[in-house]
Amino acid sequence: MNNNINGSKANGYVMASSMIVIIIYLITTVVIYFVSVRNGNGGVDLSILGNNNGDDGVLYWDQIANNYNLNNPFNENSTGTLYVPIMSYISLKLNVLSPLLIRIINIFPLIILVVQLSHIYKSISDELSLNLNHEKSLSLFMLLIYPSLIMMLTFSLYRDIWIYAFFLCSISYFCKLIMREKVITNILLFVISVLILYGFRAYAAISILLSIFVFLLFKTMKKHKIFFITSLLLGIVIFYVLPNYKFPFINKSFQDVLNYREGILPSSMPSNQYKLLREGGSDFGPIFSRTNYLLFLLEYLYSIFTNVLGPFVWQIRSLGPMLILPESVFCISSICTMMKNKNKFIQLYKKSKCVRFLMINVFIYSGVIGFFNKNLGTASRLRVPIMVIILIIFMTYLKFSKEKNYES
């Protein structure tokens, strides 16, 4: 009886935490809308970090407004994602053209994110027989002080919150499949989530699929070293033999990605849009070597570390990197804490298939954004799913290390 009462209370705390997070973000985005209107930005963006000409949210809003005025939700969509057509369609159906409407709609993926975060915790909790309700509530409150999430959801009309939501959806439904929970239903939901994620950011969806491939591969391989050696050898082939091969689904070659990363204008993209997407912020480099594979690997590793753990002290040259510095401190301190007792961390990795899948996602997606991006501001946006996953792993590790005693 007492266990049931305690369980009900814990679930109540989680529900209350979820509602508080959603309500606070809703109030914040509405307040920022009126501040933006008062400052002459029409409620679109806050523009506290400088000129808003390079703001993706402003670009999206201009296209949504043009589509609305032309009564065609598909007229303009320079990024080729689902965001502008969906927002244009909803605006037309409701016959309302207002940045406030877009801001309110952007709260819905936040709800999805909050729900799926709880579901991921539940899968891990069931697998490890751990009560993670306290960790779940604490993680939800951590979302309220996460600088990049605050900026991406409230400062402008960004599409990123949709990417975060369906990234976690995809992971959550696959974790349920790992637990063999309602297999047919969750396969269907997983496929839908990945397809929607692909529509918002293609390489995020491909990262999920790659993570599943590696996860399944690791189940059949006794030694992970074989996978890493094979990957390095495959990299040599792509680097020296197939640099211009167009990969399926993304329709880009190794050279195409390097060109985009270095700011070389793709012929298929309008120059004004490319300028908006690339200007501003602070590039940390480096320009990847195209002739020396070993040098390329070293530069690539530096890019991964900076994208996930940066900014580092020597990269802070303006207010922007300072705002995201707390994220770096949290991530580095969390990793260091887990590495202090590697045996328990390894035990957690071996014990929980769900945690193992989360870890693989962290490595794969870090590798993907490290390859595509060399801008600190963009890195803070792209890595939000990584940070949320690390938060889940870290909280689980703390509880696991306290309640589970294994031989070192």
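Side chain to side chain, Glu299 and Ser289 fail the donor-acceptor criterion of an N or O pair below 3.5 Å.
The closest side-chain heavy-atom distance from Asn71 to Leu92 is below 4.5 Å. Contact check for Leu157 versus Asp45: no side-chain heavy atoms found under the 4.5 Å cut-off. In this structure, the side chains of Val14 and Ser137 come closer than 4.5 Å at one or more pairs of heavy atoms. Using a 4.5 Å heavy-atom cutoff, the side chains of Asn186 and Ser172 are not in contact. Between Val368 and Leu382, the closest side-chain pair of non-hydrogen atoms is not below 4.5 Å. For the pair Pro385/Leu168, no side-chain contact is recorded, criterion being any heavy-atom separation below 4.5 Å from C-beta on.
The backbone N or O of Ala379 lies less than 3.5 Å from no partner atom in the side chain of Asn307, so there is not a single donor-acceptor pair. Remark: side-chain polar atoms of Ser139 are not paired, donor with acceptor, to backbone N or O of Ile392 under 3.5 angstrom. For the pair Ser156 (side chain) and Tyr158 (backbone), a donor-acceptor distance under 3.5 Å is absent. Looking at Ser88, its side chain never comes within 3.5 Å of a backbone N or O of Tyr68 through a donor-acceptor pair.
Salt bridge Asp256/Lys246: present, at least one basic N to carboxylate O contact under 4.0 Å.
With sequence neighbours excluded, the residues that form a side chain to side chain contact (heavy atoms under 4.5 Å, CB included) with Ser366 are Ile304, Val308, Val362, Ile386.
In this structure, NZ on Lys219 lies 4.5 Å from NZ on Lys353, to the nearest 0.5 angstrom.
In this structure, Phe371 and Tyr300 have perpendicular ring planes: the angle between them is above 60°, well past the 30° mark. Using a 30° and 60° split on the angle between ring planes, Phe394 and Tyr397 fall in the parallel class, below 30°.
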Worked verdict on Phe296 versus Phe254 for ring pair (Phe, Tyr, Trp, His ring centres under 6.0 Å): CA-CA 12 Å; Phe296 163 78; Phe254 176 75; 5.5 Å; yes

Report the C-alpha distance between Tyr365 and Phe167 in whole Å, list the side-chain angles of each, state the deciding distance to 0.1 Å, and finish with yes or no for ring pair (Phe, Tyr, Trp, His ring centres under 6.0 Å). CA-CA 11 Å; Tyr365 193 53; Phe167 196 97; 4.9 Å; yes

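Stacking of Arg159 on the aromatic ring of Tyr60 is not recorded, the 6.0 Å distance cut-off and the 45° axial limit not both being met.
The only member of Phe213, Phe218, Phe363 that meets ring pair (Phe, Tyr, Trp, His ring centres under 6.0 Å) when paired with Phe227 is Phe218.
Looking at every heavy atom in both residues, Lys344 comes nearest to Ser401 through NZ-O, 3.1 Å.
Residue pairs meeting the salt bridge (charged side-chain N to carboxylate O under 4.0 Å, His left out) criterion with at least one member in residues 161-189: none, sequence neighbours excluded.
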Do any side-chain atoms of residues 20-34 form donor-acceptor pairs under 3.5 angstrom with protein atoms, and if so which ones, sequence neighbours left out?
from  : atom 1 : to     : atom 2 : distance (Å)
Tyr25 : OH     : Leu143 : O      : 2.5
Thr28 : OG1    : Ile24  : O      : 2.7
Thr29 : OG1    : Arg103 : NH1    : 2.9

